[in-house]
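The next block holds one structure in the form of structure tokens; read it before the comments.
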Amino acid sequence: MIEVRNLTRRYGQFVAVDDISFQARPGEIVGFLGPNGAGKTTTMRVLTGYIPPTSGTVRIAGVDVMEDSLEARRHTGYLPETVPLYPDMTVREMVNFVADLRGVASRRARVDEALAQVGMTERAGSLIRSLSKGMRQRVGLAQALVHSPPILILDEPTIGLDPHQVIEVRDLVRGLGAADRTVLFSTHILSEAEQVCDRVLIIAGGRIVAEGAPDALRDSLQRGGRVYLRLANAPELKQVRRVLGDVAGVAGVESESGGFVVQMVKGMDARAAVAGEAVRAGWRVLEMRPWGATLEDIFLEFTASSRTIKRRR
Amino acid sequence: MWVVFKREMRQYFTSPIAYLVAFAVLFLTGITFTSDLRARSGLAPADGSVIQGFFAFVMIFLAPLLTMRLLAEETREGTIELLLTLPVQDGAVVFGKFLGAWAYYTLLLLATLVYPILLIALGNPDIGAMIAGTIGLWLYGGSILSVGLLFSALTENQIVAGFLSMAALFLLWLADSIGILFAGISVEAAEFVRTLSLRGHLSTSFLLGIFRPEDAVFYIGLTAVMLLITIQIVGARRWRT
């Protein structure tokens, strides 16, 4: 259980995290989604006791991280963004080292188990310096798991990996969300958060700007979003405008890379009507998909009213 | 703390710098020992304190090579974030690293005992002075390593840490001579600076076989103060701003 209440962290004049509150319950994988510099790493560092909050409280498994930092750290496994490994140690030595510092009971069994969990048993004797980035990421995970913590905090575990490794790590993380474990997982990739997490917190400019289950967030995004439409017997833009412009919920049509981008009115989802009208007009629809529903768009969408963002632009 | 200590010890045995330092120490003391023996032959009795005084002096430059890595590298590699988010006190991390460095230094010091042993085998030197000198050098080592560790905590650049600790140690080594410069201004200031001298507490006591409590207290106290400051520097990132 992670409970964050009114957490603010400043670096001098710069407000990195601005009065955020959230909870993550046991058994939940919570995604922390935001662009670089949104305050994800800062929040995680406060949660793990690496830096103090400027104000607000953080409770990890019921323990306040400022009042009893050591006890809170005991309940937490943490994988920082720059994977903290000693290149001159072997995989097993590294995990042993952390297990020893944590005072893990029956160390041998636990280290073996953690290595098996991340699929590194066969490379246990390899020097960390000789490992690929994806493998290092797994050793970092094993290190965070070795004391079977109830709370797991992972800072961008897929950054800098190749697509194959990204999938492996995502699968791993999904598998880590055990019955009573809370996982907080940060990323700046929307689809990743969708695949891995039960719930997503979107953070921008140090504030939580949206929160919810990934599909619910996506739906709310599609409303007022844009849709890309490609038609086989390509009609003129004028024609398309005439036909689709009358559909309720359509704000406008532009031509775009061989097709058309249909802008929806904010808060309305006219996808079904657009498809229907296109077919009725005798056009064959080759392709229809959300257009540019990138993270940037989400932030623009969700933070349109946020002063923080405007000030930084 | 012992976990950190063990890691640092292992580190010394796999690091080329540590072996180079050991090589330099034994090579240089070996040369000094031989030339000193030759110079004295037939004139004066062999004296183990020449080697000990020389050992103390080269350590001003070699000890920073042993300590510069300790915290600077952790900061640069980001592994400090791991250490400081584990349920371990900052003090245990700093102390463990210090003990690792000191243990390696102790091994170097023990290796130089080969010269006194040779002297004992060959002649009839003052064994008491040799023992006192070794104890003195051991305490002295703790204090210079703690100074090095402090500078390693201040920067993430190993070279800067090493260079600054060499400079600081050299100034402290010469503090008795520097103190004289202050004599014109104030006798008390001169006296104070002189007391900070690293060599002053060694060359006029331990190395002559004299054990003065204040010298031991000076080295232990210097070590303690340096370690406390280092712990504060490491913990500073946890201060509320």
Side-chain angles (χ1 to χ4, degrees), chain A residues 8-14 16 41 44-55 60 63 65-66 68-90 93-94 96-104 107 127-128 140 143-144 146-147 149 153 155, chain B residues 1-20 66 68-100 104 152-153 156 158 231-241:
Chain A
T8 297
R9 167 72 202 198
R10 286 196 196 89
Y11 294 105
Q13 285 296 303
F14 177 68
T41 298
M44 291 187 151
R45 284 182 164 172
V46 173
L47 260 51
T48 51
Y50 184 59
I51 53 172
T54 306
S55 64
I60 298 282
V63 183
V65 292
M66 282 307 280
D68 194 351
S69 178
L70 287 187
E71 182 60 26
R73 286 187 242 166
R74 243 167 238 134
H75 296 291
T76 314
Y78 177 38
L79 176 62
E81 191 175 347
T82 46
V83 186
L85 302 173
Y86 296 109
D88 52 334
M89 280 180 145
T90 68
E93 281 167 354
M94 181 71 218
N96 273 343
F97 174 67
V98 174
D100 281 343
L101 281 173
R102 287 194 172 277
V104 171
R107 187 191 79 179
L127 277 180
I128 285 169
Q143 160 279 119
V146 73
H147 55 302
I153 296 178
D155 197 357
Chain B
M1 181 181 85
W2 294 113
V3 182
V4 178
F5 165 77
K6 256 169 38 195
R7 191 193 115 70
E8 291 307 331
M9 268 314 268
R10 260 189 42 104
Q11 181 88 27
Y12 280 121
F13 285 100
T14 55
S15 119
I17 284 204
Y19 282 104
L20 285 175
L66 297 177
M68 64 184 190
R69 205 201 77 245
L70 291 175
L71 285 160
E73 191 179 45
E74 302 264 4
T75 312
R76 165 154 293 183
E77 298 292 317
T79 42
I80 193 84
E81 192 166 349
L82 171 68
L83 284 181
L84 295 189
T85 54
L86 289 171
V88 181
Q89 301 276 7
D90 301 348
V93 173
V94 170
F95 209 59
K97 283 179 174 288
F98 167 73
L99 285 183
Y104 187 76
S152 186
E156 58 174 68
Q158 293 190 36
I231 293 170
Q232 292 309 310
I233 294 170
V234 170
R237 69 192 82 229
R238 275 203 262 271
W239 292 347
R240 276 187 189 263
T241 47

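Please read all numbers here as calculations on a predicted model, not as lab measurements. Residue numbers begin at 1 in each chain, while the letters A, B, ... track the order of the sequences.
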### Message
Under 4.5 Å from any heavy atom of chain B, what part of A/Leu79 do you find: side chain, backbone, both or neither?
### Response
neither
### Message
Is any side-chain heavy atom of A/Glu81 closer than 4.5 Å to one of B/Glu81?
### Response
no
### Query
Of the listed residues (A/Arg74, A/His75, A/Arg73), which shares the most heavy-atom pairs with chain B below a 4.5 Å separation?
A/Arg73
### Message
Tell me whether B/Tyr12 at atom OH has more than 12 heavy atoms from other residues, nucleotides or ligands lying less than 6.0 Å away.
### Response
yes
### Query
What part of A/Glu93 is in contact with chain B, defined as an atom under 4.5 angstrom from a non-hydrogen atom: side chain, backbone, both or neither?
side chain
### Interface residue of largest heavy-atom contact number with chain B, from A/Leu101, A/Leu85, A/Thr82, under 4.5 Å
A/Leu101
### Query
Within residues 82-89 of chain B, which positions have a heavy-atom distance to chain A below 4.5 Å?
B/Leu82, B/Leu83, B/Leu84, B/Thr85, B/Leu86, B/Pro87, B/Val88, B/Gln89
### Message
How close do A/Pro84 and B/Gly78 get, counting heavy atoms only, and between which atoms?
### Response
CB-O, 3.8 Å
## Note on the structure
When every non-hydrogen atom of A/Asp88 is compared with those of B/Arg10, the smallest separation belongs to O-NH2, 4.2 Å
### Query
Under a 4.5 Å cut-off applied to non-hydrogen side-chain atoms, are B/Gln11 and A/Tyr86 in contact?
no
